[in-house]
Amino acid sequence: MNFHINQNITIHNLKIDGITNSSVFQIGSAGIIKSLSNLYNTGGFTEPAPGAETSQETPEVTPLVPLAPPTG
């Protein structure tokens, strides 16, 4: 069965809050959506990345809003 769909879509304002690698954004009709994932080494790296540096110290953070001391 074949469907022939003619559409005229006008978008005046479009806001997308978040998008990830597995997001699908569609406007209109689609018969089949095929997933595609490509990984590229655009930096030309030849070795694994170095390990992350870990710190056991918790930095002192001053809140932007004055908070009451904890109770309990």
Side-chain angles (χ1 to χ4, degrees):
M1 178 185 302
N2 293 326
F3 290 104
H4 297 281
I5 301 172
N6 295 317
Q7 294 180 326
N8 182 6
I9 299 173
T10 303
I11 299 173
H12 295 284
N13 189 6
L14 177 66
K15 180 179 179 182
I16 299 175
D17 287 333
I19 191 164
T20 65
N21 290 341
S22 60
S23 295
V24 174
F25 176 73
Q26 175 182 337
I27 297 174
S29 297
I32 298 173
I33 298 177
K34 294 182 180 179
S35 62
L36 175 65
S37 178
N38 294 320
L39 297 175
Y40 297 103
N41 183 6
T42 57
F45 298 101
T46 58
E47 299 176 0
E53 296 179 10
T54 58
S55 174
Q56 300 298 328
E57 297 178 14
T58 304
E60 186 66 31
V61 178
T62 304
L64 298 176
V65 177
L67 302 173
T71 60

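Residue numbers count from 1 along this sequence.
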Problem - Over 12 non-hydrogen atoms of neighbours within 6.0 angstrom of CG in Leu64 - result: no

Practice task
Using the test side chain to side chain contact (heavy atoms under 4.5 Å, CB included), find all partners of Tyr40 that sit at least two apart in sequence or belong to another chain.
Solution key: Asn38, Thr42

Practice task
Go through the structure and list residues passing side chain to side chain contact (heavy atoms under 4.5 Å, CB included) with Leu39, not counting sequence neighbours.
Solution key: none

